[in-house]
Amino acid sequence: MTQNTWGWSDRLSLSYAPMDDIHHEFVELCAALSENNPDTFIQRLDALIAHSIEHFEQENCWMEETAFPPAGCHRQEHEAVLEVMREVRRRVEEEGDTELAARLAEELPHWFEHHVDTMDNMLARFMANLTADASSADVQEKAPA
Ligand SMILES: [Fe+2]
Ligand SMILES: [Fe+2]
């Protein structure tokens, strides 16, 4: 993966449109972190953090609504990566650590791909199955006896 060309690809699609829409936005903001412009790094990171808070909150809500079994693990991954983003933000702002900024821009796409392949994939499938079960129960209910 070349950092400069990282972006949305079909391999990231989970066939659950509301989640894919959120992920498109994450990918765009995350890819923007690798722009070589130290003056705007904090601004770009703030945009990604703001997005991620909402992104993760939405997934946490879906997990609550559906009683998703590994919710704790999934939630923890969200919190851990947010903590990393905030820590990097602090060190870039206070210490001007541009190397760390570059490392975050390089590592986050890997984190995201792994997270999508595992936690988000499981959640999307779980929700798709619930929807399929609900609509087949609906069909059975409506079917003439
Ligand atoms: Fe996600
Ligand atoms: Fe997630």
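Every number for a ligand or one of its atoms is a count from 1 in the order of the listing. Every value quoted in this text rests on a predicted model; they were computed, and no experiment measured them. All residue numbers refer to positions in the sequence shown, counting from 1.
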Do any of the N/O/S atoms of D120, backbone or side chain, fall under 2.8 Å from the Fe ion (ligand 2)? yes

Name the orientation class of the two ring planes belonging to H55 and H51 (parallel below 30°, tilted from 30 to 60°, perpendicular beyond 60°). perpendicular

Would one find more than 12 heavy atoms of other residues, nucleotides or ligands at under 6.0 Å from atom CD of E94? yes

Looking only at N, O or S atoms, which one in H23 sits nearest to the Fe ion (ligand 1)? NE2

Which angle, to the nearest 10 degrees, do you find at the Fe ion (ligand 2) between NE2 in H78 and OE1 in E59? 90°

For a distance under 2.8 Å, tell me if H115 has an N/O/S atom near the Fe ion (ligand 1). no

Can you find a heavy atom in the side chain of L12 that is under 4.5 Å from one in the side chain of H23? no

Should we say atom CD of E99 is surrounded by more than 12 heavy atoms from elsewhere, each under 6.0 Å from it? no

